[in-house]
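Worksheet for the structure shown next.
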There are 2 protein chains.
Amino acid sequence: MPERYHDEIRRLPLFSDLSDESFISLLQGAYVQNFPPQITLIDEGDTSDFLYILVSGAVEMFSTWNGRETSMDTIRPVTTFILAATVKDAVYLMSARTVEKSRLILLPSENVRRIFETDATFAKCIVTELAQGYRSIVKTSKELKLRTSLERLANYLLREQARGGGGAAEFDLPMEKRRLASYLGMAPENLSRAFKALQPYGVEVAGSRITINDEADLRAFAKPSPLIDDASI
Amino acid sequence: MPERYHDEIRRLPLFSDLSDESFISLLQGAYVQNFPPQITLIDEGDTSDFLYILVSGAVEMFSTWNGRETSMDTIRPVTTFILAATVKDAVYLMSARTVEKSRLILLPSENVRRIFETDATFAKCIVTELAQGYRSIVKTSKELKLRTSLERLANYLLREQARGGGGAAEFDLPMEKRRLASYLGMAPENLSRAFKALQPYGVEVAGSRITINDEADLRAFAKPSPLIDDASI
DNA sequence: CGCTATGTTGATCCATATCAATAAGTGTGG
DNA sequence: CCACACTTATTGATATGGATCAACATAGCG
């Protein structure tokens with residue numbers, strides 16, 4: 001694996017506290033690979049052979065059952081994914097595909113489990129990462145069960161405005177609307193109508209460009225809660 | 001804390017590999033407490049002061065937003081809960097209440113974090129526990145998004161038959177129907193109707209007593225998948 | 001420039017929630 | 001141990017959120 005990636009991986013919270021020795025050992029047999037869009041990286045049910053690190057591009061986590069499919073999450077650089085399956089040496093519960101041209105690092109799961117066994121620091125970092133992931137999906141579950149699809153969209157827009165839009169009134173949706181619909185648990189047609197239904201609250205849509213004219217008004221409708229919408233807790 | 005509980009706690013996967021020294025240290029300031037039914041143990045949003053271990057009884061994890069409430073999980077002995085909040089020293093994302101007379105052990109979160117920092121074995125056990133919890137809620141999320149309420153009920157019955165019923169055709173629901181409805185993400189009235197809708201597949205209901213007359217038939221409808229329904233992976 | 005996938009809009013259908021009334025449990029105190 | 005009160009469960013009627021189907025518009029992309 002090219003040296004130029006070392007620093008980037010090193011900077012991830014999961015690896016930052018690792019000893020040099022463990023870090024080198026972890027990278028044995030790792031490799032970097034580029035993928036075009038729409039390539040399936042992981043099929044749910046397969047055994048966990050690699051821990052993935054997304055270096056550039058975007059990856060969608062999704063699941064299927066009985067001919068239906070739902071988008072579970074969209075991964076942005078630089079992030080690891082499917083850590084839980086790796087440390088448990090269990091099958092993947094979600095599938096993954098690239099949504100755009102992406103560069104990924106593949107760490108042999110075997111390495112991760114070996115270093116995890118021998119390096120206490122690494123174990124602690126994994127705990128932090130897993131706890132974060134756990135709490136993140138708890139919030140998603142709460143949102144799914146407690147909010148209507150319109151409320152989910154309104155809160156999503158507020159979160160995305162803060163996260164990707166830097167708080168500005170205008171920002172771009174970071175994914176296709178059909179995938180956003182699936183992520184929010186609704187049909188694509190419904191998302192179109194939901195956007196219209198938010199017009200009275202000052203939401204304007206032009207393609208993927210969103211304008212929130214009156215954030216206070218939208219917040220009054222969305223009623224965001226830190227215990228669902230705050231990514232940092 | 002009475003010595004008689006030591007063995008029971010020790011037997012939990014989370015603590016079984018702990019050194020005696022760490023274990024003693026962990027129990028400093030811990031105490032055992034009995035609670036009547038319907039007592040709120042945890043309010044979501046509060047800071048994590050204790051790691052809870054349920055010794056007997058049952059505890060419901062639930063969440064609220066905007067005047068609505070949903071049941072997230074029901075904890076059965078002997079299990080710890082809210083581990084993620086404890087290790088992250090973060091606020092609780094879910095509330096907890098007893099559903100029946102329950103006995104709990106309260107371990108100061110401070111202890112858990114201290115031992116976690118110093119005892120590599122404990123860190124590894126926490127990883128396993130968190131990874132398990134993470135995968136468990138991923139399955140729940142998949143089920144919520146991919147299945148209708150009738151399908152969720154059918155699969156729930158099959159899981160419960162295997163788990164609590166030991167595979168027998170007859171078994172008792174382990175909770176009130178209103179709570180089951182909330183857990184499955186439906187209104188109580190809908191659960192009643194859903195039970196009726198499963199009659200053609202051989203499901204009989206008498207109070208909390210469930211009889212599955214033709215498991216193959218019910219399975220053909222429910223289409224259980226290990227990637228959603230198998231608790232052991 | 002035209003093909004194909006995505007997005008929008010309208011019409012309709014279906015699943016599920018809500019409202020209302022009754023029935024059945026469950027627990028409590030006399 | 002029974003009677004009352006209160007909660008939970010069921011059933012029916014209705015409303016509604018959201019899905020589906022179909023037609024069309026639009027936008028990417030080769």
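Naming convention: chains lettered A, B, ... in sequence-line order (proteins, then strands); numbering from 1 in each chain. These numbers were taken from a predicted model, which means no experiment stands behind them.
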> Where does the chain A footprint on DNA chain C start and end, counting 5' to 3' with a 4.0 Å heavy-atom cut-off?
Replying inline: dT6(C) to dA11(C)
> Please give, in whole Å, the distance from dT10(D) P to Leu180(B) CG?
Replying inline: 11 Å
> Does the gap between the ring centers of Tyr52(B) and Phe81(B) come in under 6.0 Å?
Replying inline: yes
> Could you state the CG-P distance from Leu150(A) to dT16(D), rounded to the nearest angstrom?
Replying inline: 15 Å
>> Check the orientation of Phe50(B) and Tyr31(B). Use parallel for under 30°, tilted for 30 to 60°, and perpendicular for over 60°.
In response: perpendicular
>> What contact category does Glu176(B) fall into here, base, sugar-phosphate, or nothing, at under 4.0 angstrom with non-hydrogen atoms?
In response: sugar-phosphate
>> How many whole angstroms separate atom NZ of Lys145(B) from atom P of dA19(D)?
In response: 11 Å
>> As a test of understanding, state which of Gln199(B), Glu170(B), Glu204(B) forms a side-chain hydrogen bond (donor to acceptor under 3.5 Å, both in side chains) with Asn213(B).
In response: Glu204(B)
> Rounded to whole angstroms, how far apart are CG on Asn190(A) and C1' on dT20(D)?
Replying inline: 10 Å
> Could you go step by step and tell me if Ser182(B) and Glu69(B) meet the side chain to side chain donor-acceptor pair (under 3.5 Å) rule?
Replying inline: CA-CA 8 Å; Ser182(B) 178; Glu69(B) 179 182 318; over 6 Å; no
>> Tell me the interatomic distance from Leu191(A), atom CG, to dG18(D), atom C1', rounded to whole angstroms.
In response: 13 Å
> Closer to the 5' end of DNA chain D via nearest nucleotide, is it Glu189(A) or Arg152(A)?
Replying inline: Arg152(A)
>> Are Leu41(B) and Tyr92(B) packed together at the side-chain level, in the sense that at least one heavy-atom pair is separated by less than 4.5 angstrom?
In response: no
> Roughly, in whole Å, what's the span from CZ in Arg147(A) to P in dG17(D)?
Replying inline: 18 Å
> Glu100(A) has an atom CD; how far is it from atom P of dC29(D), in whole Å?
Replying inline: 11 Å
> Yes or no on side chain to side chain contact (heavy atoms under 4.5 Å, CB included) for Leu93(B) and Met72(B), after CA distance, side-chain angles and deciding distance?
Replying inline: CA-CA 11 Å; Leu93(B) 293 180; Met72(B) 301 289 288; over 6 Å; no
>> Go nucleotide by nucleotide along DNA chain D from the 5' end; which of Arg193(B) and Arg179(B) gets its closest nucleotide reached first?
In response: Arg179(B)
> Do Glu8(B) and Arg103(B) meet the salt-bridge criterion of a basic N to acidic O distance under 4.0 Å?
Replying inline: no
>> So, does Ser149(A) get its side chain near the phosphate of dG18(D), meaning an N or O under 4.0 Å from OP1 or OP2?
In response: yes
>> I need the NZ-C1' distance between Lys196(B) and dA9(D), as an integer number of Å.
In response: 11 Å
